[in-house]
There are 2 protein chains.
Amino acid sequence: MKGIIENNENYQPGLSIDCVIFGFHDNQLKVLLIKTPYEHKWSLPGGFIPIDEDIDTAAVTVLNERTGIDGIFLRQFAAFGKVKRNDQHFGKAVLEHYKIPEEAGKWFTQRFVTIGYYALVDFLKAIPQKGNSQEIIDWIDHKEVPELILDHKQILDKALNTLRIELNLMPIGYNLLPEKFTIPELQKLYETILDKKLDRRNFLRKITNIGILTKLDEKKSNVAHKAPNLYTFDKDKYDEVLKNGLNQGW
Amino acid sequence: MKGIIENNENYQPGLSIDCVIFGFHDNQLKVLLIKTPYEHKWSLPGGFIPIDEDIDTAAVTVLNERTGIDGIFLRQFAAFGKVKRNDQHFGKAVLEHYKIPEEAGKWFTQRFVTIGYYALVDFLKAIPQKGNSQEIIDWIDHKEVPELILDHKQILDKALNTLRIELNLMPIGYNLLPEKFTIPELQKLYETILDKKLDRRNFLRKITNIGILTKLDEKKSNVAHKAPNLYTFDKDKYDEVLKNGLNQGW
DNA sequence: TTACATTGCGTCATTATAACACAATTAAAA
DNA sequence: TTTTAATTGTGTTATAATGACGCAATGTAA
C-alpha cells in the first residue's frame, strides 16, 4: 500500500483487481476474506495493477501473496464498472488511516473499475497471508459471508454463479481437493457448489464416465462407517477434458 | 473524438471498450468493422468511458451509435489487459492525424485495458453509421476478416468462442434473425456460428422441443424448391429459457 | 414431363438420465 | 457380544435424449 501512495503513477489509474478465492473444507465452500481495522466491513482480496504488468499477472500476484501457492486455477470472469460502485469508499476510512493528503488522495477517490477473478485452491495448501499486521484474513463459509464493502457481494455472487455454470462445462476438483480423495468427497464438493443434493449412484456413474479418475488400491482410514475407496485425478485426461469441454450440446 | 482530446479528464483513463457486433446475412456470420483513413488496418468499433457512465452504458452507447438500434443483445465477455497490447498504437497515425500535441497525447499513449462486449443484432435493422466522413464501416464475413489493429483479432476470436459456448446455454436467434424466419434459416445460423453441419431432422426436433418457437400458418414466398414454413419466437418462453438456461448438466 | 434440390415428418438403435434396491462395511449403541 | 444405524459399492429398470437414417411432398428448372 505504501508504494502505491507515493508512486501511484506506476499503477494503472482507476482500475483494480478483486479475487474470489474458493477453498473446500469441512463440506463447506469457503471464500478467503479480509478485514482491515479501518473498515467496518470485510472485503475481497484485491490489488492494483502495475502499469508494466498484464492484468492476469497482477491477479496471480494478488493470489500468490494471499495464499502462498503457485500454479493456481485462476479465471477472469467479469469487469465491474458502475459509476457509483466506489463513490463512498476510500473517501473516509482508508485515506484517514493512511493519512493521505487530499491531493494525493484523489488518485484513490477517483471512479474505479475492477476486474473480477475467481480462483480454486486446495484449502490445506493455501495459507492465508496478512497484508499487514493489523489485517485479519480468514476463510469464511460462502453461506455465512458477512456484509462486504462496495459491490464485493455482487462480485462474489457473480463468481459463484460463473463457477456453477462452468461446472457443467469442465471438470473441477483437481484444484479444490487434496491429491487423494473419495467419490463421496467429490460429490459433496459438487453438491456444495450447486447447493443441491445429487444421487450417489448416478453421480458415480457420470463422474467415472468422464474418464478423469484413477481408482487407487487404497481406502480412506480413520473414518466412521464403511471405508470409502481413494481416487486421484488422471492429470493428462483431466487437462484434456478441461481444454475440450464436457457437454457438446449441439 | 474531439471532445475527448480536449476534455480527457472527463473520461476513465487507460480504459476503453471494444464491441464485437455480430449480424447474420447471406448465410454468413458478419462482424461490423471500421477502417479509418489514418490506419492501415481495420478495427472493432470501440470507445472510451465517460467517468460518469457505467461501463455497460458506455458499451450500449457505442453500439447504438454504430448500428442505430436500441434494445440490443449485448454482453460483456472479457477484459484484455496485456501490457504491450497498445504499445505501438496511437503513438503514430492517430496522434498525427488529429495533430494532438505531445503532452495531450500522453493520455492516448498510456497503457490501455479494454473491456470486450459482443452484440447480436438484426442485420437488416442495423444500419452501419460512420463516426466521421472519412471512416469506412462495413459488415465483414467473420471468415474473411482482414488484419486488425492491436489485439482486436484476439478479442474477436474470444467473442466468437464465447458465443459458441453460450449457444449451448441459451437460445439465440431472436436477436440475429428477422421476426419471421424458417427452420432451415435458423439451422444455418447455428451451423454458421458453430462452423459445423447439423442434421436437419435432429435439429428440428431439438429446437422445437425447447418450446420457444411458434409455427405460423404461412410459408416463405419467392423461394426455390419447396416453400418452407415460417416461424416466430414466443418471446415470453424465449426470455424464460434465456433466464433459466438450457442444459442443466448436473 | 422429368430431374433435382429442399422441406416435412417419421423410424429405429444407441446412449444418457432419473429413480430406486440390496448387500457389505464399520462405529457406536444396546 | 449383538444390534442398530450410517455409509459405501454395485447393481437394475423405465424413461428420455441423441444420432443416424428413410421416404414422400413441394416447387424450380431442365
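Quick note on labels: first sequence line is chain A, next is B, and so on, each numbered from 1.
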Subject >> Of Tyr231(B) and Ala224(B), the one whose closest DNA chain C nucleotide lies more 5' >> reply: Ala224(B)

**OP:** For Asn247(B) and dA16(D), give me the distance from atom CG to atom C1', rounded to whole Å.
**Re:** 14 Å

Original post:
Given dC22(C), dA24(C), dG8(C), which nucleotide is nearest the side-chain atoms of Arg200(A)?
Top reply: dC22(C)

**OP:** Verify the contact: side-chain N or O of Lys215(B) to OP1 or OP2 of dC9(C), cut-off strictly under 4.0 Å; return yes or no.
**Re:** yes

**OP:** Whole angstrom is fine here: how far is it from CD1 in Ile183(A) over to C1' in dT8(D)?
**Re:** 11 Å

**OP:** Classify the side chain of Arg205(B) and the base of dG10(C) as holding, or not holding, a donor-acceptor pair under 3.5 Å.
**Re:** no

Subject >> Test item: Arg66(B) side-chain N/O and Gln129(B) main-chain N/O as donor-acceptor pair under 3.5 Å >> reply: yes

Original post:
For DNA chain C, whose closest nucleotide is more 5', that of Asp199(B) or that of Gly249(B)?
Top reply: Asp199(B)

Subject >> Cation-pi, Phe24(B) ring and Lys30(B) (6.0 angstrom, 45 degrees) >> reply: no

Subject >> Electrostatic pair Lys143(B)-Asp195(B), nearest N-O below 4.0 angstrom >> reply: yes

Original post:
Rounding to a whole Å, what distance do you find between Leu186(A):CG and dT7(D):C1'?
Top reply: 17 Å

Original post:
Separation of Lys220(A) atom NZ from dG9(D) atom P, in whole Å?
Top reply: 12 Å

**OP:** Answer with yes or no whether Lys226(A) presents, from its side chain, a donor or acceptor under 3.5 Å of a partner atom in the base of dT26(C).
**Re:** no

Subject >> Sugar-phosphate, base or nothing in reach of Asn229(A), heavy atoms under 4.0 Å >> reply: sugar-phosphate

Original post:
Once you round it to whole Å, what is the distance between C1' of dT8(D) and NE2 of His225(A)?
Top reply: 11 Å

Original post:
Does Gly131(A) offer a backbone N or O that forms a donor-acceptor pair with the side chain of Glu135(A) under 3.5 Å?
Top reply: yes

Subject >> Worked check of salt bridge (Lys or Arg N to Asp or Glu O under 4.0 Å) between Lys180(B) and Glu218(B) >> reply: CA-CA 10 Å; Lys180(B) 297 177 181 181; Glu218(B) 193 178 348; 3.1 Å; yes

Original post:
Between Lys206(A) and dT17(C), does any side-chain N or O lie under 4.0 Å from OP1 or OP2?
Top reply: yes

**OP:** Measure the distance from NZ on Lys219(B) to P on dT7(C) and round it to the nearest whole Å.
**Re:** 12 Å

**OP:** Report the nucleotide, chosen from dT26(D), dG19(D), dC20(C), that has the shortest atom-to-atom distance to any side-chain atom of Arg201(A).
**Re:** dC20(C)

Subject >> Earlier contact from the 5' end, DNA chain D, for Asn209(B) and Asn202(B) >> reply: Asn209(B)

**OP:** Would you mind reading off the distance between Ile207(A) atom CD1 and dA16(C) atom P, rounded to a whole angstrom?
**Re:** 15 Å

Original post:
Between dA16(C) atom P and Trp250(B) atom CH2, what is the distance in whole Å?
Top reply: 13 Å

